[in-house]
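Both backbone and side-chain heavy atoms feed into the values below; hydrogens, waters and symmetry mates do not. A, B, ... follow the sequence lines: proteins, then strands. Residue 1 opens every chain. A quick note: this is a predicted structure, and the numbers were derived from the prediction, not measured.
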Amino acid sequence: MKSKEIAHRFDQIADVLEFLGENQFKVGAYRKVARTLSDLTEDIEVISREGRLREIPGVGEGIAQHIIEYLDTGKISKYEEELKRVPPELIQLMNIPGMGPKTLALANKTLKVRNLADLKRVIEDGSLAGLPGLGEKKVENIRKGIARFEAVKERIPLGLALPLVETIMAGLKKGFKITMISPAGSLRRMRETVGDIDILVGSSQGKKMVEVFTHLPMVKEILAAGETKGSIISDEGFQVDLRVVPEKAFGAALQYFTGSQAHNVKLRGIAQKTGFKVNEYGVFRGEKLVAGKTEEEVYESLGLQYMPPEMREDRGEIELAREGKIPRLVEVSDIRGDLHVHSRHSDGTGEIEDIAKKAKEKGYQWIAICDHSKSAKYARGLPESEVLKVIEEIEELNGKLKGIRVLAGVEVDILTDGSLDFPDRLLKKLDLVVGAIHQGFKKDVTRRMIRAMENPYLKIIAHPTGRLISSREGYEVDIDAVMAKAAETGTALEINAHYDRLDLDDLNVMKAKKKGVKLAIGTDAHSVGMLEYMRLGVAVARRGWLGPEDIINTWSAEKIKGWKKA
DNA sequence: GCCGTTTTCGGCCCGACTGTTTTCAGTCG
Ligand SMILES: Nc1nc2c(ncn2[C@H]2C[C@H](O)[C@@H](COP(=O)(O)OP(=O)(O)OP(=O)(O)O)O2)c(=O)[nH]1
Ligand SMILES: [Mg+2]
Ligand SMILES: [Mg+2]
Ligand SMILES: [Zn+2]
């Protein structure tokens, strides 16, 4: 994870250079390489050792040297002086909406603004408004920006943003007749969290559309309201951006507004080199419009294969599209069952029968009930005798229910010594054994997981990193070693689909696939309604470029019961 | 600072909104 550290360092350098008025493209070069490094699925130290740093896009002579130096000493000497001279309290003021590098540099130079308190002072005493290029309104805008900056709003988990966007789109449709509308941005790309909610509308009535938008009941603050776009802050504190373009440009605009930014920049760069211009209104050759109605058209006009939004992160997808090698990604309709569901027998709320009926309704062929094991006291884990009763209940249900097969499983605790919470003689009676760490997050996690995977009955490791998006870093675990053992033993690693877990995440999924590890999506549902999180798990899989063959949820019930047997 | 199916030098995505501007800079998406 050294690459994340280096990425952070380069981002800091970019900020400082920008503040100091350095060349924009140099600043951009540092930002670009920072993003690439944080998306890396290979160990940067290995890449460096093997002399392959320059193969990373955006890494040239200078940056390669910086990386080598950082890996060696933890410093980048060339910028030590600048980083000291421009302290973080000053740089962080650029995160205030409306406050960019130019304004900050000016305030710093002429008014000696060095931190937030200084900035507030020059706002109050009127001196900021007196600066060239500034005025009452701009300063008022910055004042509001500070309020939002201090509210430190977190990014919204995707699972919560998806229902929100539906509500907002319904509100827009109620206020105005709309035929073309779509979520866009990181939400459409199904990133695990979203910074704001982006919505695109195709309409010739941009101004009116924006009007309707900025007058929705949820609007707390209007950030901008123009002819083609509007931006608001909702009563719950999140930002919503609306973009409106003519219907005939909907495809080009959807491509633009879906991003990612890095994907767009790369796409437009390629277009430019081949004599085209791409913007949100279309693909142009000179003055001539050559594409724009659909996204497919946009990509194809540039000689690129269409790709799903989940892939558009500039992680090599454009190169694949050029070669026509975009893979067929797994889809919700490929999923035959859910591999991790709790019932009321442990800490869930649903009856197994109701869960099974819902699973059938969702078009599944089977569903695995995996309640907690005896040591998981906080989660009402079951003693052995109770597990036997659940197995019987499931047998009976399977005799009764048509069109759905319930698998008797367990989510067995991996104990602090790496042994499992149930003996093999019980595990062998079950259709599916999922192992998970619920205690001792810093205690020898890697070795415990490895020992657990050596048990032939254990088929899946649940939430392998243990991170919680809202609140927790995760286990102290060498995930590469876990993946290696998973590949060796044929154990699957879970994509836990709960919106606050999504664990493994997209990059780890990508890495796991490269190492030959199978993935297993489990919703970890604790109620019937939570079975719907499957959509999020599939999204993570798609963002990890997985096909149906990489996911064991596409297997038959018989195969799920039978693999990795002793 | 990086990079090369037009270049080893001269480019680097492209546009909307706002405010202070008299023609555009700054910020953001
Ligand atoms: N061409 C181009 N498109 C951009 C740029 N910045 C943003 N976009 C497009 C792509 C983004 O996905 C889309 C929405 O912008 P956002 O700032 O909301 O980013 P995004 O939704 O991707 O991530 P987020 O989760 O909101 O931080 O607008 C840019 O600098 N150039
Ligand atoms: Mg966004
Ligand atoms: Mg946005
Ligand atoms: Zn669970």
Problem set entry | First encountered from the 5' end of DNA chain B, between A:Phe276 and A:Tyr256 | A:Phe276

Exercise. Taking only side-chain nitrogens and oxygens of A:Thr228, does any of them come within less than 4.0 Å of OP1 or OP2 of B:dG15?
Worked result: no

Problem set entry | Nearest-nucleotide pick for A:Lys137, side chain only, options being B:dT27, B:dT20, B:dG1 | B:dT20

Exercise. Has A:Gln65 got a side-chain N or O lying under 4.0 Å from the OP1 or OP2 atom of B:dG1?
Worked result: no

Seminar exercise, completed: The nucleotide from B:dG15, B:dT27, B:dG29 with an atom nearest the side chain of A:Pro101 is B:dT27

For this session: Using a heavy-atom cut-off of under 4.0 Å over every strand shown, decide if A:Val59 touches base, sugar-phosphate, or nothing.
Result: sugar-phosphate

Exercise. Are A:Tyr79 and B:dG1 close enough that a side-chain N or O sits under 4.0 Å from OP1 or OP2?
Worked result: yes

Exercise. Out of B:dG1, B:dT20, B:dA16, which has the shortest distance to the side chain of A:Lys138?
Worked result: B:dT20

Exercise. Checking side chain to side chain donor-acceptor pair (under 3.5 Å) for the pair A:Tyr79/A:Gln12: CA distance, chi angles, key distance, verdict?
Worked result: CA-CA 10 Å; A:Tyr79 294 112; A:Gln12 287 179 316; over 6 Å; no

Exercise. Roughly how far, to the nearest 0.5 Å, is the CG atom of A:Asn115 from the CD1 atom of A:Ile91?
Worked result: 13.0 Å

Exercise. Using a cut-off of less than 4.0 Å, is there contact between a side-chain N or O of A:Lys266 and OP1 or OP2 of B:dC12?
Worked result: no

Exercise. So what does A:Ile222 touch, heavy atoms closer than 4.0 Å: a base, only the sugar-phosphate, or nothing?
Worked result: nothing

Exercise. Of the nucleotides B:dG15, B:dG1, B:dG29, which one has an atom closest to the side chain of A:Asn279?
Worked result: B:dG15

Problem set entry | Gap between atoms CD and P, on A:Gln255 and B:dC13 respectively (whole Å) | 15 Å

Problem set entry | Of the listed nucleotides B:dA16, B:dC14, B:dT27, the one nearest the side chain of A:Gln272 | B:dC14

Exercise. What nucleotide among B:dT18, B:dG29, B:dT27 has an atom nearest to a side-chain atom of A:Lys102?
Worked result: B:dT27

Exercise. Heavy atoms under 4.0 Å, any strand shown: does A:Ala225 hit a base, just sugar-phosphate, or nothing?
Worked result: sugar-phosphate

Exercise. Where the side chain of A:Ala224 is concerned, which of B:dA16, B:dT18, B:dC12 is the nearest nucleotide?
Worked result: B:dT18

Exercise. Could you go step by step and tell me if A:Phe284 and A:Phe276 meet the ring-ring contact (aromatic ring centres under 6.0 Å, His included) rule?
Worked result: CA-CA 6 Å; A:Phe284 300 85; A:Phe276 294 94; over 10 Å; no

For this session: Kindly say if A:Lys78 contacts the phosphate of B:dG1, meaning a side-chain N or O under 4.0 Å from OP1 or OP2.
Result: yes

Seminar exercise, completed: The nucleotide from B:dC28, B:dG15, B:dA16 with an atom nearest the side chain of A:Pro97 is B:dC28

For this session: Would you indicate what A:Glu136 reaches in the nucleic acid, counting non-hydrogen atoms under 4.0 angstrom: base, sugar-phosphate, or nothing?
Result: sugar-phosphate

Exercise. Below 4.0 angstrom from OP1 or OP2 of B:dC13, is there any side-chain N or O of A:Asn264?
Worked result: no

For this session: Quickly work out the A:Asn23 CG to B:dG10 P distance and round it to whole Å.
Result: 15 Å

Exercise. Within the structure shown, what part of the strands sits under 4.0 Å from A:Thr103 by heavy-atom distance: base, sugar-phosphate, or nothing?
Worked result: sugar-phosphate

Exercise. Which is true for A:Val278 with a 4.0 Å heavy-atom rule: it touches a base, it touches only sugar-phosphate, or it touches nothing?
Worked result: sugar-phosphate

Seminar exercise, completed: 5'-most contact on DNA chain B (nearest-nucleotide basis), A:Glu61 vs A:Leu134, goes to A:Glu61

Exercise. Would A:Arg191 and A:Ser186 satisfy side chain to side chain donor-acceptor pair (under 3.5 Å), going step by step from the backbone distance to the final call?
Worked result: CA-CA 5 Å; A:Arg191 265 192 72 175; A:Ser186 50; 5.7 Å; no

Exercise. Think A:Tyr30 has a side-chain N or O under 4.0 angstrom from the OP1 or OP2 of B:dC12?
Worked result: no

Exercise. Would you find more than 12 non-hydrogen atoms of other residues, nucleotides or ligands less than 6.0 Å from A:Arg148 atom CZ?
Worked result: yes

Exercise. Quick one: is the NZ or CZ of A:Arg243 closer than 6.0 Å to the six-membered ring centre of A:Phe257, and within 45° of its axis?
Worked result: no

